[in-house]
Every structure is written in C-alpha cells, then in structure tokens.
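Below you'll find the structure, written out as structure tokens, and then a few comments.
Order of the sequence lines fixes the chain letters, A, B, ..., with proteins taken first and strands second; residue numbering starts at 1 for each chain. Quick note: numbers below take in every heavy atom, side chains included, and nothing from hydrogens, waters or symmetry partners. All of these numbers come straight from a predicted model, not from anything done at the bench.
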2 protein chains.
Amino acid sequence: MALATVPTMASTPVEESPHYRPLYRQVYDSLVRQIAEGAWRPGEALPSEQALAARLGVSQGTVRKALDTLAVEKLIERRQGKGTYVAEHTAERSLFRFFKLTLPDGTRATPTTEEGETVRRRAARAPELKRLGLAPGASVVEINRVRSIDGSPAILERILLPVALFPDIDKRIPLPNALYALYQREYGQNIVAAEEELHADVARREDAKRLGVVVGTPLLHIERVGIGVDGTRVEWRTSRCDTRRLVYAVTLS
Amino acid sequence: MALATVPTMASTPVEESPHYRPLYRQVYDSLVRQIAEGAWRPGEALPSEQALAARLGVSQGTVRKALDTLAVEKLIERRQGKGTYVAEHTAERSLFRFFKLTLPDGTRATPTTEEGETVRRRAARAPELKRLGLAPGASVVEINRVRSIDGSPAILERILLPVALFPDIDKRIPLPNALYALYQREYGQNIVAAEEELHADVARREDAKRLGVVVGTPLLHIERVGIGVDGTRVEWRTSRCDTRRLVYAVTLS
DNA sequence: TGTATAGTATCTTATAGAAGAGTTGGCGGC
DNA sequence: GCCGCCAACTCTTCTATAAGATACTATACA
C-alpha cells in the first residue's frame, strides 16, 4: 500500500518498485517535505495523528512511527494530551544546540555583538560556491562582527549567506543575537544540522587588534556549514575564538 | 503489569508506584543492565525478540520498542532476518565514532603509534580524581604516546585510566591501535559516549621536540572523558594535535 | 552443484485502550 | 442574575499487543 498523496507510487505495487520504502518512511518523507515547504509555521501545531492518518490513508500507528522519527531529529515536538508542534529556534535553544562554546567553568556563554558590525553584498568566490553548493555567478551576503562575552571581545565571526535565500537581510542591521531564529522566522530557513571543522591558529595583527589580544595568542578557528531540512547548505560561518575565555565543549555519542 | 524479572515492581500495581515506568522502559533498563553486566559478550547475538518477550512476559512489540532505543544508542545492532547483536568496537568503528580528526581533504585518518610509548602506574592527583569521578587514594595508569599520520608525528596523547577498572593494562605494551576495542574485549568497559573540550594552544619546547615542529606552532588541545554504559567515567584522554596535518571535523544535529 | 523450501529472525502495519490536558456545562451559593 | 467549583466530555498523545510481510540461513533434493 502506498500513500494516497504519492500517486507515482500508488500506481504500481510497492513490491515491484525498486525505490520501495516502508509506509511509515513515506509518511516521514511527506511530512519532512511539507515542513520544509512551510505548510505549518514553526511553533504551530500539526494535525493530530488521527487526522494525518485519515488524510494519508494509513493507520494512526504508522503516522506515529513517522512522527517519532521526526521528534528524535528535533524537527517537531510532542506534548501528550496537547499536540505535535513544529520545532522553533528560540534564542535559548539554538544556542544550546549549535553553539558549543562555553565558559571555562562549563556554564553557558551568551555572547553579544559589538558595535561596528558590517553587512555587504557581493559575488561569491570559487571556494564559497563550493562550500555553499551554489551555481557559478551566485551572490552572497557577507557579515562581519565581533562577539563579546561579559562585555569584552572573544570571537571574530564572518558569516556568508546566499542572497537567493536571504534577499534583504543586508537591510536588517543591527542583526539580532539569535540568527538562526531569524533565518527560520523571516526566511523559512530551518537549520537542523551543522558540519564543523576546527583548526588551531594564532592571532595575526588584524585579529589581535579586533580581539584586544597580543599577536601570537592561540585562537580556535571554526568553520561551520549550516544545513537545512532538505539538505540545503544555508550558511557558512567562520569563527575565530580566544579559548582562554571560551572552551569548545561537545558530547559525542 | 510489571516485568516478571523485576519482582520489586511486580508486587505493587504500577499505577500506584511513584517510580512508574512504562513496560518498554523496564525492558530497556533490564537489557541495559544485563549488557553492562556482560550477560552477552560484544558481537554475540541476543535472544530473539520472541524469546525475550516470552522470558519477560511481555509482547514482542514491547521488547522491540526497547531494542529500538538500544539500537539508536548504538548499544546493539540489528540485522533483519538474522538477529540482534551487542555492538562491538571494531578498530574501524571506534575510530569513526569517537575519533573526529580527519585529513585536510576530509578523508579518514588512521593514526599509528610511534616507538617510545610509556605506561606507568601511580596515585591519582586531585584534578584526575575529579575528572574520573574516583575516590581519594585511587590509582591510575598513565599512558603517553606519539601518534603518527603517514609515518610522521601529528598527535601527542596522554591517557589516564583507573587501575580499578584496568588492573593489568600496564603489562600489555605495546598497546593496540584500537584502544576502545581492547577496553571492551579484555576489561568489559564499553565506551558509549565521550565529552570533549577543545582549546587552541601553541607548541612548547617539549611538544615541539616530540612532534617535530617549531616552538609556537598552533596546536589543538583536546580533553576527552570516555563514558561507559552505566555512566562511569572510564578514560581521560588528552590529545595535542598539529592541525596543519589533521582537522577536527564534527557534525552537530 | 545449483535450486527449492522450510524455519526463524526482524520489520511493518493495524487496533484497542490508557493517560494527559483542556473545555464545557451544570449546579449551588451569594 | 452572577460567580466559582467540579464533573463529564472530548481531544490529544502514549502504551501495549497481535498478525502478517520481509529477510536471511541452512538443509534437502535433483
């Protein structure tokens, strides 16, 4: 049996299809696509399991299995007796999930942006096209800012965004503290995963000046690509961090 | 209804118990405990879902739900038509899971140990007791070794293990490449998670000599605590890595 | 030596009832 | 009439079970 909303599969018996996927997987794919398309806004409730089951022509338990998967992937949240909600990036949450820098004592750090933030639009260069998976000729927005902890500079950030996804973001300065919430709320770009690459480096003259440290201070250099629901590469962020002030802490499992 | 193998719960109706846990959760706990106790060796097959269900007096679906959870936590592996197996740390796997250093082009790095590895036993110091959650007076084994990529040194490693958990590990030199597989196979210590803290640092004289780099070279300093199935802190590992040769790459989700 | 076939394992789907959370309406007191 | 309390109802997700489908292995057989 195939989903009523997937007519291309409904026409042939699933057993004969080379792209066979279990029913609950089809439901999962369908829901992911709809969430990606913004059928429900973040924070909004999805139809109930029964309603979804009826609409898709499967049983409630099958819908439930798909929703379970979405829940562990943090795309949705469920509350017994209330409903199922599309996850939203609150300021708190997105920091907890993707911001791995903590204070040396292990407590959460909440950085703020210094004066002098710059936003400009320009053509993307070759490595940027590659990292963001863009077609040649695409434009990007480049944001540069200094992030502070307890009032003194600790991180240099450079953020690259495809203009195609964020058409007017250069008119939104000063940018809010929780960028991912902005991406989600204003541009429908929901970042669900991130690939990070870390190097050790030392502060050069320009770094030293902006961070208020001496040349040669060790810096943690972080390259991050933010991934959207459908695998789109949404953001490329480069951070250079003074790790005497902040520690990169991550739990592998 | 409570598990037949959990008599403390079976005596009172679950509804009245303040420690109420769903059946499938009780099954899960029971299985985790048994795996931790080594009821089945790593790589060995568990009884079938039906057999477990019969033994525990629940339905196959309930056992399955518990096994599903164990599977996402990577404590077990399942193969349709074959059976369910206790996960084992093969050399390949443990590297993929907890070794986040890759070559600059993104391919997997397989380090080897240089000559000159040292293993010694001594009393644990205060910070070590704290990190490993040991009682005062406990002893540790300290391992120091240089790890190489393509034949040239890239990582300095210092490993601390509680002697209580690894009684005779100092007699096993040279240690194998895949330490976590050794922990699991010979000492029943199955590492399922790890907490890592990363700093940027520069090479001091001793580092420079052992790694063959100049003093002042940026180094990535990694502190890792390995966590066992029941939350025990099994290993404290400190790595100092030349990130011109290796990159720390991690995917957050 | 290759091919059915039986048996046993996990995987998929469906259904029924329990438990949580809010809403509504009745009822008594003021 | 108006307010407050509480039980009943209805909606939700959660739990537990059962039955059939699918996958793999080994054995019997031509």
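Remark: side-chain polar atoms of B:Glu235 are not paired, donor with acceptor, to backbone N or O of B:Ala194 under 3.5 angstrom.
Between the P atom of D:dT15 and the CD atom of B:Gln60 lies a distance of 18 Å, rounded to the nearest Å. Nucleotide D:dT13 holds its P atom 16 Å from the OH atom of B:Tyr24, rounded to whole Å. Spacing between atom CG of A:Leu56 and atom P of C:dA14 amounts to 11 Å, rounded to whole angstrom units. Atom CD of B:Glu49 is separated from atom P of C:dT12 by 11 Å (rounded to the nearest Å). Spacing between atom CZ of B:Arg25 and atom P of D:dA16 amounts to 12 Å, rounded to whole angstrom units.
A cation-pi arrangement is present between B:Lys65 and B:Tyr24, with the terminal nitrogen or guanidinium carbon under 6.0 Å from the aromatic centre and inside a 45° cone about the axis. A cation-pi arrangement is found for A:Arg79 relative to A:Tyr85, the charged atom lying closer than 6.0 Å to the ring centre and inside a 45° cone about the ring normal.
In this structure, B:Gln189 and B:Val234 approach most closely via the heavy-atom pair OE1-CG2, 3.6 Å.
Phosphate contact (OP1/OP2 of D:dT17, side-chain N/O of B:Thr62, threshold under 4.0 Å): present.
Interatomic distance, A:Glu77 CD to A:Leu70 CG, rounded to the nearest 0.5 Å: 12.5 Å. Atoms CZ and CG, on A:Phe99 and B:Leu252 in that order, are 12.0 Å from each other to the nearest 0.5 Å. Distance check, rounded to the nearest 0.5 Å: OH of A:Tyr28 to CG of A:Asp68 gives 12.5 Å.
Listed nucleotides: D:dT12, C:dT10, C:dT15. Nearest to the side chain of A:Ser48: D:dT12.
Across the interface with DNA chain C, nearest-nucleotide mapping of A:Gly61 and B:Leu46 shows B:Leu46 to be the residue nearer the 5′ end.
Here the rule is salt bridge (charged side-chain N to carboxylate O under 4.0 Å, His left out) with A:Glu195, and of A:Arg224, A:Arg237, A:Arg131, A:Arg233 only A:Arg233 fits it.
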### Query
Passes salt bridge (Lys or Arg N to Asp or Glu O under 4.0 Å), A:Glu88 versus A:Arg41? Steps please.
CA-CA 9 Å; A:Glu88 58 186 335; A:Arg41 301 206 61 76; over 6 Å; no
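Within residues 63-85 of chain B, the residues approaching DNA chain C are B:Arg64, B:Arg78, B:Arg79, B:Gln80, B:Gly81, B:Lys82, B:Gly83, B:Thr84, by heavy-atom distance under 4.0 Å.
An angle of 10°, rounded to 10°, separates the two end axes of the helix from C:dT1-D:dA30 to C:dC30-D:dG1, each defined over five pairs.
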